[in-house]
Amino acid sequence: MLDLLIQNGQIIDGTGNPGYYGSIGVEDGKILVFRGAVQGAEASRTIDATGMVVCPGFIDMHAHSGLVLLSEPEHEPKVRQGVTTELIGVDGNSYAPFRSKEDFRKFVEINSGLDGDPPLPGSWSTVEQYLNMFDRKSAVNIAYILGNSPVRIDAIGWESTPATDRDIANMKAMIRESMQEGALGLSTGLDYPPGGYASTDELVALSEQVAELGGIYHTHVRYKSGDMFMDPFKEAIEIGERSGVPVHITHFYQKAPAPGGAPQLLGLVEDAAESGQDVTFDSYPYSLGSTRILIVFPDWVHEGGPARLKEALADDDVRARLRDEVVPRAPTWHDMWLTYFKRPENHAYEGRSIAEIAEMRKQHPVDALCDLLIEEDLQTCYVAEGLNPRTLPAFVTHPLSMVGSDAVLLGDFPSPRTYGCFPIILAEYVREERQMSLPNAIRKMTSFPAQRLGLQDRGVLRDGMNADIAVFDPNSVKAPATRTNPKQFPIGIEYVIVNGVPVIDGGQHTGALPGRAVR
């Protein structure tokens, strides 16, 4: 007697191979594959998948749900897309380990415009304790990568002080302990202080430790460095080459405008791979970027942590300097829209551009941002036009790419990729534009990221694998979310099964929370 039987669907198993017709059984959370007609199998529940695709659940290589998921464990924006596993701890901003509660609270505050500051169901200090907070308490599985920011805070503090040999040794010890408890490697967000204060040599030294333990280096590169085009990615490649660590470049794309073309960026990665280096990347299929608005400010103003940052933002002399240095992370201030305001008097600014808000407040855009950040305890985030839409398909469809939503789950006007990253690939890149085949698209969302993360029991529909499954209608699947109306769930994803338990059933959330911390 099977727990679940999914019959009559087109099975696309995640390997990139063509689909076939058959059935998938689930027993004790594991998969049983039946080719052709099922003879003699009985099940407590049968799903008729006629006309639908049955595939592995999707794996998001870049998720900002490390705190929000603890407060909103149903995780509807993501699980309704077919996502069954997410990688958290990205951009160097992970939330364990923290030996100091004061540092933890400061870190949450500085990142609240990216990862939120929700009420939490408990406390933790180690990676193991943190991962246990998710185990069988969330709608999706989580995989965890250690950010270099908490590692640097523990060893050095909130200053831009160069790391000493002793600091490096202490950081390596924290990496060893964290990876032994379940972290899959090291992440960096080199535009986010204090992790962004790390030098290339420091990152090479830490990555040597990661490589010894079989982990990966997952990097948001230093976009503000060098020529701000090729140099940030050259640094990532150099770190991998010198340390021997596998490199994964996250949200890889061509900025608009950029001083060079997409072939140059992609060629850099291709050349490294062809020379024998282990390098991959992820991309998202939207031209809209999104993160905390603090990222527009230079590193020097962040030094010392959030309290000193707020003091600096209020200082007239600092403001004068910032008006000269701070520029939009988009073509203009009209192309950056703010969201996630807590104070009632600021709700009128939700979804409005920085230029419009500055005009409403009769301020220079930089002064308006400084005042709003002080009023909102640094929590505000933004959505902006920042990617070249013409070259984006070259990244999304590239053989070395997989999918990372980089979805910020905050505010009334998040990026539409928060609700549509995976289904828009199925609908537009595959069905409408035929830029890649359905088996290849599914591979990018399933077995390829599982392989990258070393998840040996997920990502493929094969006997004995954990039963993370998505069932969708390939003819109707679509992502209706837009910039001005982003909170729209996808259409056509009918069933999402996590560890053998239906979480989305007939297009509706069941309330089940069967997710595991995968280690």
Side-chain angles (χ1 to χ4, degrees), residues 1-59 73-75 78-86 131-132 134-143 439 442-443 445-447 449-451 453-473 493-519:
M1 173 70 72
L2 299 171
D3 299 319
L4 181 64
L5 181 63
I6 305 171
Q7 289 186 312
N8 306 321
Q10 182 188 15
I11 298 172
I12 299 182
D13 65 9
T15 63
N17 291 331
Y20 60 90
Y21 287 90
S23 299
I24 298 292
V26 176
E27 184 177 29
D28 295 329
K30 302 293 184 181
I31 287 171
L32 292 170
V33 179
F34 300 90
R35 287 181 176 271
V38 180
Q39 301 293 334
E42 296 183 0
S44 299
R45 166 83 187 280
T46 298
I47 293 173
D48 183 3
T50 300
M52 291 191 279
V53 167
V54 183
C55 69
F58 304 143
I59 298 173
E74 295 82 6
H75 209 34
K78 299 302 286 298
V79 73
R80 283 180 174 271
Q81 295 184 53
V83 172
T84 56
T85 301
E86 296 194 310
L131 295 183
N132 287 339
F134 298 92
D135 218 28
R136 294 188 175 91
K137 300 169 188 172
S138 65
V140 301
N141 305 306
I142 63 100
I442 288 174
R443 175 183 171 272
M445 303 175 182
T446 58
S447 68
Q451 171 190 327
L453 296 173
L455 307 181
Q456 299 181 10
D457 53 1
R458 301 176 197 274
V460 177
L461 296 184
R462 184 181 295 150
D463 288 351
M465 301 288 276
N466 284 311
D468 293 344
I469 304 167
V471 182
F472 65 91
D473 183 339
I493 298 178
E494 297 299 322
Y495 300 92
V496 181
I497 295 151
V498 180
N499 296 312
V501 178
V503 177
I504 301 300
D505 191 337
Q508 300 301 313
H509 200 296
T510 66
L513 303 175
R516 302 297 305 270
V518 297
R519 323 180 193 206

Are any of the side-chain heavy atoms of [X] and [Y] separated by less than 4.5 Å?
{"X": "L461", "Y": "V54", "result": "yes"}
{"X": "S138", "Y": "H75", "result": "no"}
{"X": "I11", "Y": "I24", "result": "yes"}
{"X": "V460", "Y": "T446", "result": "no"}
{"X": "L4", "Y": "E27", "result": "no"}
{"X": "V518", "Y": "L453", "result": "no"}
{"X": "P514", "Y": "V503", "result": "yes"}
{"X": "V79", "Y": "V496", "result": "yes"}

(message) With a 6.0 Å cut-off (strictly less than), is the heavy-atom count around CZ of F34, excluding the residue itself, greater than 12?
(response) yes

(request) Flag yes if more than 12 heavy atoms outside R519 fall under 6.0 Å of its CZ atom; otherwise flag no. (result) yes

(message) Test side chain to side chain donor-acceptor pair (under 3.5 Å) on D457 and N466; report intermediate values, then the result.
(response) CA-CA 6 Å; D457 53 1; N466 284 311; 2.8 Å; yes

(request) Quick one: list whatever passes side-chain contact (heavy atoms from CB on, under 4.5 Å) with P73, sequence neighbours left out. (result) L513

(message) If you apply the rule side chain to side chain contact (heavy atoms under 4.5 Å, CB included), what do you find for H509 with I504, and how did you get there?
(response) CA-CA 5 Å; H509 200 296; I504 301 300; 3.9 Å; yes

Restricting to non-hydrogen atoms, name the atom on [X] and the atom on [Y] that form the minimum distance, rounded to 0.1 Å.
{"X": "A450", "Y": "G459", "result": "CB-CA, 4.1 Å"}
{"X": "R443", "Y": "P449", "result": "O-CD, 3.7 Å"}
{"X": "D473", "Y": "G51", "result": "OD1-O, 4.0 Å"}
{"X": "G464", "Y": "K30", "result": "O-CD, 3.5 Å"}
{"X": "Q81", "Y": "I493", "result": "O-CD1, 3.2 Å"}
{"X": "Q7", "Y": "S23", "result": "CA-OG, 3.4 Å"}

(request) Could you give me the CA-CA distance, side-chain angles and deciding distance for D3 and D28, then say whether side chain to side chain contact (heavy atoms under 4.5 Å, CB included) is met? (result) CA-CA 7 Å; D3 299 319; D28 295 329; 4.1 Å; yes

(request) Please test C55 against D13 for side chain to side chain contact (heavy atoms under 4.5 Å, CB included), starting from the C-alpha separation and ending with a verdict. (result) CA-CA 5 Å; C55 69; D13 65 9; over 6 Å; no

(request) Tell me whether the guanidinium CZ or amine NZ of R516 lies under 6.0 angstrom from the six-membered ring centre of F134 and within 45° of its axis. (result)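 The answer is no; the distance or angle limit is not met.
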
Inter-residue atom distance [X].[atom1] - [Y].[atom2], 0.5 Å rounding:
{"X": "N499", "Y": "T85", "atom1": "CG", "atom2": "OG1", "value": "7.5 Å"}
{"X": "M445", "Y": "I59", "atom1": "CE", "atom2": "CD1", "value": "11.5 Å"}
{"X": "Q451", "Y": "L455", "atom1": "CD", "atom2": "CG", "value": "11.0 Å"}
{"X": "N132", "Y": "K137", "atom1": "CG", "atom2": "NZ", "value": "7.0 Å"}
{"X": "N141", "Y": "E86", "atom1": "CG", "atom2": "CD", "value": "10.0 Å"}
{"X": "I442", "Y": "F58", "atom1": "CD1", "atom2": "CZ", "value": "6.0 Å"}

(request) Run the numbers on D468 and V498 for side chain to side chain contact (heavy atoms under 4.5 Å, CB included), then give the verdict. (result) CA-CA 5 Å; D468 293 344; V498 180; 4.0 Å; yes

